[in-house]
Amino acid sequence: MASAGGGALSILEYFGGEDGNRCGYCKSEASNMSHGMWAHTLTVQDYQDLIDRGWRRSGKYVYKPLMNQTCCPQYTIRLSASNFQPAKSHKKVLKKVQKYLYVGEVSHSKNEGTSGEPMDSQAESPVSCNVSILDKSEIPQEQLKPLNIEQEETEKDGESDKQEATDGCSPGQRERQEHCIQSAEGETHSHSHPKPGRGADVSKPPCRKAKDIRKERRIQKLLQQQTDKTSLPEPPTGNPVCKAKGNCSKSVEEFISVAAPENAAHHLEVRLVRSSPPSSQFKSSFQESYQVYKRYQTTIHQDPPDKPTISQVKLVPVSMEDPEFVSSFDRSAALYAKYQMAIHKDSPCQCSPDEFTRFLCDSPLEGQYKPSDLLCPETYTWQPIEKCLPLLERSKYSRFNNNPKEGDRDLLAELGRVRVLYKRTVMPYCIYKKRRKGPNDEATVKQYAGLVGQTCAERMLLYRS
């Protein structure tokens, strides 16, 4: 993908897409309806504008599903990164990373076979005892007796113990011992309450939930901040969550921007390097990045080790006079056919060598992140996902914009202003229409311009042979 600066231009070859293909979701034959085009070069700004109109890409193939005709509509979702609200699980991960960076320890969950932090209700010194368990095969056969015989022997042993206790005693002592034995036997058969034990240690605070402890610490921290400052700060007015709950949760920046101690075990450094054209820093760290990507794919997605391969795709220059750039037009049809076989027929070629490059630019995003918006397939406006989900539960295709009078704001208005690349020359469609020899392709150009919108149609170059 080319950068937006330096006079870069997007050059696309439109293929149409009236014929249905095999759906990769429901596996239905010829039910996946979409329009597609091959992006020889694509600037960042043009790609963003195409995304805002429902386009998506796989490698260099850019396609737009026909939402009201395809079997499985693919709605474009957007996450507001500047207003991202981390969930409880995200905060736990951030705290684990900070603990690893500062202390060098890795916290494990119970599912990983190791115990986490000790609970508050654990005892200080556990009671240890030695217990030996004999297996049935280890007990001699003569010691195995029926239960009724063993009970009779136990009663006889008890009577003999009583007789031994009373023998050798004076008549007065014998009477007192017999009385004590009878009273003890009576207490055994009666339902008496157990004796009270030691109970809880009064010198220690009672056991509480970790949630209550964190809440108390947060309140103490707020009180400490109020006492340190002479004037109380005004609460933020932009966040309604703060008003409802009385406190504001930390943002991602507040978790990341914590000053590390001087004796930290590890140091994390984040660098933004240029990947197109690749900078020296990108080239020097590419192998390490690829190893991390490979480990992620094999561990999380259970991919075989030979599936995540290094990209062999060479970046094509934008200069129209470059012979390699001109020759790429002839190879576009073959590359497109290769994509069709890989994606829509689930062949072994589906694991293409440029998968790593696509991973660098395209990451999956689900609706569990907040705040998220869905793109209306008719007006191309972003709507909150909470508003769209009830509509999708009733129908797989839905218009999210409630205003029936509102339509496409970037609707095609002037077909003659569409930019065309014809015989290595950039020209508007009105000039191309006069110079072209052969069958009329006005319907194809009009369909392309209507899908990409008037703005992109006047900025991008549509290749025509």
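Each residue takes its place number in the sequence, starting with 1. Owing to the predicted nature of the structure, the values given are computational and were not obtained by experimental measurement. Only heavy atoms go into these numbers, but all of them, side chains included; no hydrogens, no water, no symmetry mates.
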Donor-acceptor pair, Ser275 side chain versus Pro278 backbone, under 3.5 Å? no
Tell me, do Arg417 and Gln454 make a side-chain contact under 4.5 Å, heavy atoms counted? yes
Could you grab the distance from atom OG1 of Thr425 to atom CD1 of Ile431, nearest 0.5 Å is fine? 12.0 Å
Taking Arg399 for its side chain and Asn402 for its backbone only, find out whether a donor-acceptor pair lies under 3.5 Å. no
Nearest heavy-atom neighbours spanning Cys456 and Leu50: SG-CD2, 4.4 Å
Specify the closest pair of heavy atoms between Ala265 and Tyr100, including all atoms of both residues, with the distance to one decimal. CB-O, 4.4 Å
Min side-chain heavy-atom separation Lys88-Lys92 under 4.5 Å: yes
Of all heavy-atom pairs between Leu451 and Tyr14, which one has the smallest distance, and what is that distance? CD1-OH, 3.5 Å
Roughly how far, to the nearest 0.5 Å, is the CG atom of Leu374 from the CG atom of Leu392? 6.5 Å
Looking only at heavy atoms, the pair that brings Lys396 and Tyr75 closest together is O-OH, 2.7 Å
I'd like to know if Asp49 pairs up with Arg459 as an ion pair, taking the criterion as any Lys NZ or Arg NE/NH1/NH2 lying under 4.0 Å from an Asp or Glu carboxylate oxygen. yes
Would you say that Leu375 contacts Thr381 through its side chain, given a criterion of any heavy-atom pair below 4.5 Å between the two side chains? no
Between Gln74 and Tyr25, is the side-chain contact (heavy atoms from CB on, under 4.5 Å) condition met? List the steps. CA-CA 10 Å; Gln74 304 165 41; Tyr25 296 98; 3.9 Å; yes
Specify the closest pair of heavy atoms between Pro65 and Gly54, including all atoms of both residues, with the distance to one decimal. CD-O, 3.9 Å
Close side-chain approach of Asp410 to Asp52, heavy-atom, < 4.5 Å: no
I want to check a possible cation-pi pair here: Arg57 against Tyr47, using under 6.0 Å from ring centre and within 45° of the ring axis as the test. yes
What class does the angle between the rings of His40 and Tyr463 fall in, given that below 30° is parallel, 30 to 60° is tilted and above 60° is perpendicular? perpendicular
CZ-NZ distance between Arg436 and Lys423, expressed to the nearest 0.5 angstrom: 10.0 Å
With side chain to side chain donor-acceptor pair (under 3.5 Å) as the test, would you mind laying out the steps for Asp303 and Thr298 before giving the verdict? CA-CA 5 Å; Asp303 289 348; Thr298 54; over 6 Å; no
CA sep, side-chain torsions, deciding dist, call: His90, Phe84, ring pair (Phe, Tyr, Trp, His ring centres under 6.0 Å): CA-CA 11 Å; His90 303 148; Phe84 173 66; 5.6 Å; yes
Should Val418 and Tyr448 count as side-chain neighbours, where that means a heavy-atom distance under 4.5 Å? yes
For Glu442 and Leu415, what are the C-alpha separation, side-chain angles and deciding distance, and is it a side-chain contact (heavy atoms from CB on, under 4.5 Å)? CA-CA 9 Å; Glu442 181 177 349; Leu415 183 62; 3.8 Å; yes
Using modelled atom types only, decide if a donor and an acceptor are shared between the side chain of Ser395 and the backbone of Tyr397 within a distance under 3.5 Å. yes
Just wondering, are more than 12 heavy atoms of other shown residues or ligands nearer than 6.0 Å to CZ in Arg435? no
N-O pairing of Glu269 and Arg271 below 4.0 Å: yes
So with a 6.0 Å cut-off around NZ of Lys283, is the heavy-atom count from everything else above 12? no
Between OH on residue Tyr422 and OG on residue Ser465, distance to nearest 0.5 Å: 8.5 Å
Note, Trp55 side chain near Val452 side chain (heavy atom, < 4.5 Å): yes
Between Glu458 and Arg419, does at least one N-O distance fall below 4.0 Å, as a salt bridge requires? no
Are the side chain of Thr41 and the backbone of Ile11 linked by a donor-acceptor contact shorter than 3.5 Å? yes
Step-by-step side-chain contact (heavy atoms from CB on, under 4.5 Å) determination, Asp373 to Ile385: CA-CA 5 Å; Asp373 302 321; Ile385 192 172; 5.9 Å; no
Salt bridge Arg464-Glu13, side-chain N to carboxylate O under 4.0 Å: no
Residues two or more places apart in sequence or in another chain: which of them pass salt bridge (Lys or Arg N to Asp or Glu O under 4.0 Å) with Asp408? Arg53
Kindly compute the distance separating SG (Cys23) from CE (Met33), expressed to the nearest 0.5 Å. 12.0 Å
Closest approach of Gln447 to Gly16 (non-hydrogen atoms, all atoms of both residues): OE1-CA, 4.3 Å
May I ask you to check whether Tyr63 and His35 place their ring centres under 6.0 Å from each other? no
Examine distances only and state if a side-chain atom of Gln287 and a backbone atom of Ser284 form a donor-acceptor pair shorter than 3.5 Å. no
For the ring pair Tyr296 and Tyr293, is the centre-to-centre distance below 6.0 Å? no
Leu12 CG to Asp46 CG distance, which is reported to the nearest 0.5 Å: 8.0 Å
Side-chain heavy atoms of Asn401 within contact of Gln383, under 4.5 Å: yes
Do any N or O atoms from the side chain of Ser10 and from the backbone of Thr43 form a donor-acceptor pair under 3.5 angstrom? yes
Could you go through Arg208 and Glu216, starting from their C-alpha distance and side-chain angles, then the distance that decides it, and tell me whether this counts as side-chain contact (heavy atoms from CB on, under 4.5 Å)? CA-CA 11 Å; Arg208 295 183 299 167; Glu216 183 179 349; 2.5 Å; yes
Can you find a pair of side-chain heavy atoms, one from Val420 and one from Val426, that are under 4.5 Å apart? no
Describe, in one word, how the ring planes of Tyr429 and Tyr432 are oriented to each other, choosing from parallel (under 30°), tilted (30 to 60°) and perpendicular (over 60°). tilted
